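Predicted model, so just to flag it, every value in this text is computed and none were measured. Hydrogens, waters and symmetry mates play no part in the numbers below; they use all other heavy atoms, side chains included.
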Amino acid sequence: MIALLLLQIIFFVGYYVMGIIFGLFKIFLSLMKFKNLAISTLCNRIPIEDRKKVVIVGGGFSGSIVAQKLENDYQVTLIDTKDFFEFTPSILRTIVEPQHVKKIQILHSHYLKHTNVIQKEVLGVQSREVILDDRSVEFDYLVINSGSSYNSPFKESSVVSSARANTLRENYYHIRKLKRILIIGGGIVGVELAAEIVDHFKGKEVTIVHSQSKLMNRFPKKAIRYTEEFLQKRGVKLIYNERVVAHRGQTFITDQGSEIIAEQAFLCTGIAPNSNFIKNSYPDAISENGYIKANDQLQMAGTTFYRNIFVSGDVLHVREEKLAQTAECTASIVVNNINAMESRCENKMQSYKPFAKPVLISLGKYTAIFVYKDYSITGFLPALLKQAVEFKTMVRY
């Protein structure tokens, strides 16, 4: 008990110190933005109405960065199904701390001062225009960062998607009353959600059903073992090599015939790329798993490549973990390559090659796992590091 109290005090002090440091960092970034805007205003002699039109589909990590970096030199339009940016690595915290949503969401209109933001779903793409339900939007360059979503086979309200903070936050008061909870999927999201619940709420019967033989099966053995011990110590039941295929009321049935009683299930598997809107016009650019193919310069590619259409973020067809860092890296390359094409310096275009990136996995508020390649560090310090990453990201907006 004393150790936990001491841990909380250290965590609070660290959180407070990070707040001061990144507050100063935010002031520095604001000054840099003002400087860049001034330089752009003085150097860019092209009237706004004559500048090239850049349309960005999706306002996640990748889309928001592209919009921020291009809005002073182009006519930028951001089309997103929501009107805010969300720090998705922290959305699972909102199921136990609903107020945390204020720290990880910010309106697009708050950080984009020269971008036309349209809150709509994209229905299709033609060679020079994006199709919405009530209009079309012309572009000279299109950047597709449409991300991914959970493709739930269950339509009933007893199964909740874990993809959005607002959805999880609304379940906070409901979950307090529940006794039995089922989590479908034992990847990073399923593990983090289970850990948040058992770390915050006492007396919950949580079960994870996972189709593989171990949790987070692509990670080092040390990380997997630590995760299993953490969850089982807190009473989480782990069921391996089974899939939930149906349910009747509060009884969920697996493909092996197991029956799990749960008042609420959370779907943490079945992620599908959001690429349906380009399938009709560019079927050759869609991979067999639904991701959008691109060349090394991130220009959309099928039987040929499309010079003025770029792809980045989770929807990009590339063999690596779908991480915020990947989205940010690909966004920077897209920005560079659009500027290179506009300045007729295509020899300065950059290529993207997948590379190993560190991953932070939360196990409740005060414990986490840091993973890089085959190495892993567990405990309090990775938890503090994840808070630092959240701070660092949000001060940019």
Side-chain angles (χ1 to χ4, degrees), residues 3-4 6-8 10-15 17-18 61 87-93 95-96 100 104 148 162 183-200 206-241 266 268-269 271 314 318-330 353-393:
L4 178 60
L6 182 61
L7 195 64
Q8 290 174 335
I10 295 172
F11 193 86
F12 175 79
V13 172
Y15 195 84
V17 171
M18 283 192 297
F61 281 94
F87 184 75
T88 50
S90 290
I91 64 173
L92 298 175
R93 179 63 44 80
I95 200 168
V96 297
H100 193 70
I104 63 171
S148 56
S162 56
I183 293 174
I184 304 172
I188 295 176
V189 176
V191 163
E192 288 192 330
L193 180 57
E196 291 287 358
I197 292 172
V198 297
D199 188 56
H200 187 86
V206 178
T207 301
I208 297 178
V209 175
H210 188 45
S211 61
Q212 305 296 320
S213 60
K214 52 189 175 182
L215 300 176
M216 305 185 304
N217 52 296
R218 291 192 295 272
F219 288 93
K221 292 180 179 178
K222 178 183 175 182
I224 295 171
R225 185 169 59 253
Y226 185 86
T227 300
E228 289 177 339
E229 291 174 356
F230 178 93
L231 294 174
Q232 290 175 330
K233 184 178 178 181
R234 289 158 179 79
V236 177
K237 182 179 180 182
L238 305 177
I239 299 176
Y240 294 113
N241 299 313
F266 289 91
C268 302
T269 188
I271 290 180
D314 284 3
V318 61
R319 292 183 178 278
E320 62 179 338
E321 289 287 339
K322 302 298 182 182
L323 303 172
Q325 301 161 72
T326 303
E328 292 172 345
C329 289
T330 54
K353 298 293 184 184
F355 61 96
K357 303 175 183 68
V359 181
L360 285 163
I361 304 158
S362 294
L363 297 176
K365 190 168 186 175
Y366 304 111
T367 306
I369 306 172
F370 173 89
V371 177
Y372 180 66
K373 294 184 178 179
D374 294 328
Y375 301 98
S376 59
I377 301 172
T378 60
F380 168 72
L381 288 179
L384 200 59
L385 180 59
K386 186 159 186 177
Q387 289 293 332
V389 172
E390 179 187 307
F391 263 122
K392 180 184 75 69
T393 301

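- For Thr207, the side-chain contact (heavy atoms from CB on, under 4.5 Å) partners at least two apart in sequence or on another chain are Leu182, Val209, Lys237, Ile239, Ile260.
- Here Thr227 pairs with nothing under the side chain to side chain donor-acceptor pair (under 3.5 Å) rule; sequence neighbours left out.
- For the pair His100 and Ser90, the minimum side-chain heavy-atom distance is below 4.5 Å.
- Considering every non-hydrogen atom in both Met216 and His210, the closest pair reads N-NE2, 4.3 Å.
- The side chain to side chain donor-acceptor pair (under 3.5 Å) search around Arg218 returns Glu321, not counting sequence neighbours.
- A salt bridge links Glu192 with Lys386: the closest approach of a Lys/Arg side-chain nitrogen to an acidic carboxylate oxygen falls below 4.0 angstrom.
- Residues forming a ring pair (Phe, Tyr, Trp, His ring centres under 6.0 Å) with Phe61 (at least two apart in sequence, or on another chain): Phe85, Phe87.
- The nearest pair of heavy atoms linking Val189 to Leu92 is O-CD1, 3.5 Å.
- Closest of all the heavy-atom pairs between Gly364 and Ala195 is N-CB, 3.6 Å.
- Remark: Lys214 pairs with no residue by the side chain to side chain donor-acceptor pair (under 3.5 Å) rule, at least two apart or across chains.
- The two residues Phe219 and Ile188 have their closest heavy-atom pair at CZ-CD1, 3.5 Å.
- Taking the side chain to side chain donor-acceptor pair (under 3.5 Å) definition, one finds that Glu320 meets it with Tyr352, Lys357, sequence neighbours left out.
- For residues 222-231, there are no salt bridge (Lys or Arg N to Asp or Glu O under 4.0 Å) pairs, not counting sequence neighbours.
- Residues Ile224 and Asn217 approach most closely at CD1-CA, 4.3 Å, considering heavy atoms.
- Counting only heavy atoms from C-beta outward, the side chains of Thr393 and Val389 approach each other to under 4.5 Å.
- Between the CZ atom in Phe355 and the SG atom in Cys329 there is a gap of 4.0 Å [rounded to 0.5 Å].
- In this structure, the separation between CG on Leu231 and CG on Leu215 is 6.5 Å, given to the nearest 0.5 Å.
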I would like to know whether Val191 and Leu363 meet side chain to side chain contact (heavy atoms under 4.5 Å, CB included); could you show each step before the answer?
-> CA-CA 8 Å; Val191 163; Leu363 297 176; 3.7 Å; yes

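- Scanning for salt bridge (charged side-chain N to carboxylate O under 4.0 Å, His left out) contacts around Lys353 gives Asp296, with sequence neighbours left out.
- Remark: the backbone N or O of Tyr240 is not paired with any side-chain donor or acceptor of Gln212 at under 3.5 angstrom.
- For Leu193 against Cys268, the heavy-atom pair with the smallest separation is CD2-SG, 3.8 Å.
- In this structure, Thr367 OG1 and Leu384 CG are separated by 12.0 Å, a value rounded to the nearest 0.5 Å.
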N/O donor-acceptor pairs under 3.5 Å from side chains in residues 368-378, not counting sequence neighbours:
none

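- Here the CG atom belonging to Leu360 is positioned 10.0 Å from the CG atom belonging to Leu323, to the nearest 0.5 angstrom.
- Within the model, atoms CD1 of Ile271 and CG of Asp314 stand 7.5 Å from one another, a figure rounded to the nearest 0.5 Å.
- For the salt bridge (charged side-chain N to carboxylate O under 4.0 Å, His left out) test, no residue two or more places apart in sequence or in another chain qualifies with Lys322.
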